[in-house]
Each structure stands twice: as C-alpha cells, then as structure tokens.
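Just so it is clear, the values below take in all heavy atoms, side chains as well, and ignore hydrogens, waters and symmetry mates. Not measured: the values here are computed from a predicted model.
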Amino acid sequence: MGYNLGVDLGTTFVAAAIARDGRPEMCTLGSQTVVSPAVVHFTEESRLAFGDAAERRALSQPDRVERAFKRRLGDPTPVVLGGVPHAVTAIMAAQLRDVLDTVSRVEGEPPERVALTYPATWGPYRRELFEEVPRLAGLNDHVTLTEPEAAAAFYGASRLLNEGDTLAVYDLGGGTFDATLLRKRGGAVEVVGNPDGMERLGGIDFDEAILQWIDYRNGGALSDLDLSHPGAAAAMARLRQECVHAKEALSADIETSIPVLLPHRQFLARLTRAEFEGLIRASVESTIGTLIRAVHTARLEVGQLSGVLLVGGSSRIPLIERMVATETGRPTVTDAHPKYAVALGAAVVAGLRPASAMAPPPVVAASEPEPEPEPTTVHPPIVLPPRRRRRIAAVLAIVATVLLLAGTAVHLAVRHNGGPTNAGAPLPGPSTTAVAATASANAAVTSAVAVPSIGRPITLTHTPDYVGAAPDGRRLYIASGEQTVSVLDVATGTVTSQIPTPGPARFVSFSPDGRYAYVSLWDQRGGQVHAVSVVDTDDNTIKKTIPVRTRPYLAAVTPDGNWLYVPNHDGHTVTVIDNRRLVPVAEITVPPEPHYVSFSVDGTRAYVADHESNTISVVDTATRRVLTNIGVGNSPHAVEQNPRRPLLMNVNWDDDTVCVIDTTDHTVRRTIKVGAQPLGLRWSADGRYAYVVNSRSDNVSVIRADTLQVTATLPTGAAPTSIAVLPDGSRGYVSNSKAKTLTVLNLTR
C-alpha cells in the first residue's frame, strides 16, 4: 500500500512523517529518537554523512562537521568541511536524499508524493534556492509549503478549530521563529494576514546565550581559548552540546550543572532556570511582539484569537508558554511533541495537493510585507580613483581565482555601502549613480538580532572619541582629541594607519561612495581650530582643511554626495559645503547649539539636533530653510534616520531618554527610557533595531523598531561615546573613551 511523506528539514533537526489514508505517523530517523540531528560530516572518503553518524564525529573532527547550515541558505560563501567548499543547497539536497533513502528502506518502497516545508519568513530568493534542493536530490514529484501551513494541516481538522475560529501559530524552532494566523472557513484552513517572523532566532541562539553566560561568569575563559591548541576545538564542540543538554534539562528541572572541560581548565557551571530565563527573556519578548504584529496585519486584535498554538521544539521552554499566555491573554495550545507537528502536517498535505512550483501562502486582508533583502550581482557604475580601481581589480582577480580553483561559481561586483536603502526618486546631479549603487549594495545586509553577543574588545593607543565605519565595510576611522585619526582593519582588528590632523579630531563622517572621510576638528571653547579636514581614503592623506564658523560637530553628506552639512555648535548655524569644489556655499540658521545632522532616505530633509534648544530642526534641502522645529527631551545630542522606516530617533543627554519621531507628520511617537546620559546611536543596517550608547551607564540599549521597546542592555567599556555599524549589519563597534577600547558587538547570527 502506497504512502505519502512529509519532511521538515529544520535548522537543528530533521523530522519525517508518513501518511496512509490521511493518517500521519512519525518515521524513525535517529538511533535514539524519532528525529535526526541536522548535522553534516564530510568523511575522509569524501562522502557527506548526516544525523547521529555526523554527531558522533563532531568531537573528534570538528573541522569536518557543520551545524545549522540551513541558516546559510542564501549566503554565497560556501560551507567549508575539511578544507573542501560545499554549497548549502548541495548539502541540503544530500540531507534530503539521506532521509528519502532511510524511509524507503524501512517502508520497502519509495513514497508516492513528498511535501517539504520552509519558514514562512523566507522571501522569493530563498524560496527559489530551496526549490533547487529536491531537484538536486533527484525528487521530481513534490509539493512545498510553509511550516505554519503544515502545522495547521495537522491541527486544523481537530477540535482545536471550529468554523470561523482564528488561531495564531507561534512556531519557535531551532533556528527561526514564525508567527502566522490561521482561520477555519468552509471546512478548510486558510492563512490570514501576513506571516511574520525572525529569521535568526531559535533554540541555537538560546544555546549560544548559555555559552556566553559561562564565558562571562568565568572571566572570559572561552574568549581566551586558543582554538589552534590541540583539543580546544573539540572541547568547545563538547561544551556546545552540554549547553543544549542544559537548556533541555531546565525545561523539567529548576537547576543544572554544565561540565566545562577546557584543555587547561575544568570546572562546573551551575545554571538555574531563573538565570536561564533571564538570558532569553528579551528574545522571547521580541517573538511575542512579532506575533502581535502578525495579528495586526490581519486587522485583528489579540482578543479575537481563539488561542495560540505553540509549535517547534523551543516552545517547550516553560517561560515561553507563560509569557505568551500573559502577554496575549489567550489560551495556549500545545502538543506532547510540538516539534513533530510540521512533519505530520506535511505528510497530510502531500496527499492533498498537486505537485507545483513553490508559491507563497494565500493571504487575505493584509498589507504588503517588507521585502526580504536579496543579493544583487549587477550594479550601476561607480566612478573610482584609478589607484582604487586597480587595487580592487587585483583583489577581485585573486578572490575569483581562489574560488574557481575550489570549484565555486561566482559573480563579482564592487560594492559601496554608503547610504540608506528604499530611496525614492534619485536626486538630479552627477552622483545619482552613487545613490543607486548604495541602495543595491545594502540589499545584502544580514538580519539583526534582538540580543547581540559581545566579542573580544579591541585595545587602542589613542583615546577613541568617535568611531565611524567606512562604506566599504573594511575599515573603521577613529577620531581622537590627541590630534590623530586611527584607521583600523576590521578583518584583523588592528590599526593599520595613523592620520595626523591639524587639530583635535572629534567626529568622522563619509561620502556615500567612501572616497572621502570628513573629520571635524576643534579645540576647547575660545580656541583657534574650527575646521573640517577632508581625508582621501585611498591613501589616507588630508586633501584639504576647510575652516568653518565655530566648533563643528558631526557633519553629514547628502545621499547624492553633493553637499556636506556641518553643524556649528557655537554659531547656531549649519555650514553647507560644495563637495565637488570643497568650499562653503551657504549658512542655515538653526536654534542654538546644533550637534548632529542626519538626512532622510530620499535626501529631501535634513534633521539637526539642537542641543541647547531641546528641538530637532527639519530643513528642506532644496530651499535650505527650516520647515519646523520638533520639541524633544532635554539636550538632544545625536539624531539618525532609520534606513527602512519613516522613523527618526534622537538621544536626550540630560533626560536619559530617546525620542522616536514619525517623519510622515513630524510628531514624537514615543519617548523611551534608556541608560544614563545617552550620547550616540545607530540603527541596524536592516532598520530593525537601534543601538543607543549610554555614556555614564557604560552600556548600550537595544531598541526594537516595531515595538519601540528596549530588548537588551549590553555592557561596554568605561565612558562609551559612539557606535559604528558595518554596512552589512554584522557587527557594531562602541568607542570607550576612558577605557581606550572598542567594544565589539555581534549584531547577527
């Protein structure tokens, strides 16, 4: 008798179920459990092994093993196993083939139809890549559907949904979170509104939180580990497994002990359930915010839900059920094995749908979701200096040669991540291509997480008063009042150049194409130096120093690259400099003590933080007139436009708050309490989070853009002053003036 097969290729495990006559049951894939670990091992015989076989070799051959490779789908960089590169699609195809062979061997025949599931948050690019997986696995007759749709197929026919009921699916797995609304109508279950989610949040992030906690509580024992030492990599692999076991144990017990067996140090780390819940609480809060947003896309209120269905292995954590029930006020529905629901539902669907190409789930009563960033290989031309063109061409040639020798097909393009995405109509002028190139390049940014992890700090010889990331993402420029700008190589974490300046360097900004850096110089009140030095970033020499009226704070360049706006702290003006001729051409009068300048995404508005006047000035860049002044908190210092949303944020130094301004009507949407004396801020590259530097609290507040709530508070060095975010969104760097260090934040996972 034939059967249909449902396969859930998850981030941390693989599950499969068969269905005969619509009745599904799980298949046994693992040696000890129904599911199989999503782990791949490249054997010495050049074969890919999966599941328990790969898990057993993780400790002895960590360089040949990879976990959570599903998260890498869409990343052009191959997975390297034992020195050999592998495409993620090829690994997932081999994984699927392994499942098909295992099930066919047990059942005595191959399945009639196969259904595969994928996260609801995936956009067209990842879905298209995922469609290659069954093709490479030799599977022709198959269907694909989202994980929440599969869960709905399993639960929908049960007593959980009555006709007309709407159920929210809270799906927290090993690597992703999905929130979807389902409604039963006419005996069928349909998706309502826009599925939402978080592409990089799941059980493995909770494992990582435990690992970071162990490191922090034990004086950086893990950060100081030399992974080149024999046995160190194996010790870390073993410890990661122990963190997984500890997380699972705390779902049933109130405390656990984690053995830490490092090459030169062994100890037990005692972790209580309360401590673990403290580590993940902010992340869980962010999932609930995402769930509520999904409800609102369907034009519903949470109170209209019949319940919340908890799906995915991570939803078994007791804190999650408590928080979901408390925050939504709705009953939660769980299964004895919530991580099996997707595979079971996929098996049911396999026998119901005709084979077809992948399509997004049906959507009703919803607005368009934010498009998923997708890589682009064709870029508008960018005019670069001859030396830079030759240098980049040489580097790309070397990279291409290496990748081609490794058997990897590549597309190479010069990228300059200088400005915001989603720009409106290009501004006229010779630099229009720079705006288009910038928007295209920024499509490759990675997704930020609610709780960044902290890397090893970078020690500097000069006091870091301000840090800025160059648009190429390879260098940091660090201004110091000691009359120098340090240039730090991001790849190595070392200073490669020191640029002497004709006065104390206070701030650094960049042209959108990265060709120039603008260094604000001033000595103390009443001094003789008030100028902006223009640095050629090709050879890090000062091209010209332009005197301005008074102490210049953080300048900014219009998105088209034509004009530099310099706020004059004591002159109550903003100097406008022609970037082509490098000469001042206009003065804009603003309220007293302008500090920072930020531009709208389309460049039609400039926003100036007026420190003494407690306002944000809105300037029309076409007429150079102040349109309005927005009242904010006491002593606004920094201001920045969100790259993807109509939100402007400023810090209020004397209020210990930030204000979030809606730029569609210039009203303050919310005032948020942060740490003491916030001095700087940056948005994540994808616009999901803001990072606020609190100078007297020695920490950074992380604020979510959609809920406008603080999701995490991260420690820094002494007296943090500013933060830079790399254009791809992967890391942030906080300048700590008293500690003379940079705190490194890993903003994505």
Side-chain angles (χ1 to χ4, degrees), residues 8 10-15 26 28-39 51-52 55 58 67-68 151 154-155 160 169-177 201-214 217 237-261 267-288 291 307-328 330-344 451:
D8 176 16
T11 304
T12 57
F13 67 85
V14 179
M26 294 297 295
T28 299
L29 298 179
S31 59
Q32 299 180 357
T33 63
V34 174
V35 299
S36 176
V39 183
D52 294 321
E55 191 76 86
R67 304 175 187 275
F154 177 61
Y155 286 103
L160 298 179
V169 179
Y170 177 103
D171 184 0
L172 184 60
T176 59
F177 170 69
L201 179 63
I204 57 177
D205 300 291
F206 300 158
D207 305 335
E208 182 68 22
I210 296 175
L211 196 71
Q212 295 292 333
W213 174 84
I214 293 173
R217 282 296 184 91
R238 184 183 303 110
L239 180 56
R240 288 183 183 278
Q241 287 187 351
E242 294 293 345
C243 290
V244 175
H245 298 328
K247 174 190 66 179
E248 294 173 348
L250 290 173
S251 290
D253 207 345
I254 61 172
E255 68 175 64
T256 187
S257 293
I258 305 168
V260 183
L261 306 176
F267 56 91
L268 281 177
R270 177 179 170 273
L271 179 64
T272 67
R273 179 188 287 182
E275 288 172 322
F276 172 62
E277 291 178 348
L279 296 176
I280 69 171
R281 187 177 299 275
S283 295
V284 177
E285 287 177 349
S286 65
T287 64
I288 296 173
L291 174 69
V308 180
L309 173 63
L310 303 181
V311 178
S314 297
S315 68
R316 293 181 298 177
I317 296 173
L319 174 69
I320 291 175
E321 183 173 3
R322 294 201 313 270
M323 291 186 64
V324 170
T326 300
E327 295 296 327
T328 64
R330 307 309 300 153
T332 57
V333 182
T334 58
D335 185 76
H337 302 288
K339 63 183 179 181
Y340 302 159
V342 171
L344 290 166
V451 185

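- Between F206 and V244, the closest side-chain pair of non-hydrogen atoms is not below 4.5 Å.
- Looking only at side-chain heavy atoms (C-beta outward), R67 and T12 stay at 4.5 Å or farther from each other.
- Here SG of C243 is found 13.0 Å from CD1 of I204. Values are rounded to the nearest 0.5 Å.
- With contacts defined as side-chain heavy-atom distances shorter than 4.5 Å, the pair D205/S283 does not qualify.
- The CD1 atom of I317 sits 11.5 Å away from atom CG of L310, with the distance rounded to the nearest 0.5 Å.
- Distance CG/L319 to CD/E285: 9.0 Å, rounded to 0.5 Å.
- Each salt bridge (Lys or Arg N to Asp or Glu O under 4.0 Å) pair with one or both residues in residues 242-253, not counting sequence neighbours, appears once here: D207-K247.
- Residue pairs satisfying the salt bridge (Lys or Arg N to Asp or Glu O under 4.0 Å) criterion with at least one member in residues 317-328, sequence neighbours excluded, are listed as follows: E277-R322.
- Every residue two or more places apart in sequence or in another chain was checked for a side-chain hydrogen bond (donor to acceptor under 3.5 Å, both in side chains) with D171, and none qualifies.
- Once rounded to the nearest 0.5 Å, the distance linking CD1 of I320 with OG1 of T332 reads 11.5 Å.
- Taking I254 as the reference, nothing meets the side-chain contact (heavy atoms from CB on, under 4.5 Å) condition, with sequence neighbours excluded.
- Qualifying side-chain contact (heavy atoms from CB on, under 4.5 Å) partners for A249, counting only residues two or more places apart in sequence or in other chains: T256.
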Worksheet item: Would I214 and L239 count as a side-chain contact (heavy atoms from CB on, under 4.5 Å) if you check the C-alpha gap in whole Å, the side-chain angles of each, and the deciding distance to 0.1 Å?
Response: CA-CA 10 Å; I214 293 173; L239 180 56; 4.2 Å; yes

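- Contact record, A38 with G10: CB-O, 3.7 Å, taken as the closest heavy-atom pair.
- Every side-chain hydrogen bond (donor to acceptor under 3.5 Å, both in side chains) that T287 has, sequence neighbours left out, goes to Y170.
- Using a 4.5 Å cut-off on side-chain heavy atoms (C-beta onward), I210 and F276 make contact.
- Every residue two or more places apart in sequence or in another chain that forms a side-chain hydrogen bond (donor to acceptor under 3.5 Å, both in side chains) with R240 is listed here: E208.
- With hydrogens and angles disregarded, no donor-acceptor distance shorter than 3.5 Å links the side chain of R281 to the backbone of G278.
- Inter-residue side-chain proximity for D8 and Y340 is flagged as unmet; no heavy-atom pair is nearer than 4.5 Å.
- The two atoms that bring G202 and S314 nearest to each other are C-OG, 4.2 Å, heavy atoms only.
- Of all heavy-atom pairs between L268 and P259, the closest is CD2-CA, 3.6 Å.
- Side-chain atoms of L29 and V35, non-hydrogen and from C-beta on, never get closer than 4.5 Å to each other.
- A distance of 9.5 Å separates CD1 of I280 from CG of L201, quoted to the nearest 0.5 Å.
- Partners of R270 according to the salt bridge (charged side-chain N to carboxylate O under 4.0 Å, His left out) rule, which considers only residues two or more places apart in sequence or in another chain, are E255.
- Not a single side-chain hydrogen bond (donor to acceptor under 3.5 Å, both in side chains) links R273 to another residue, sequence neighbours left out.
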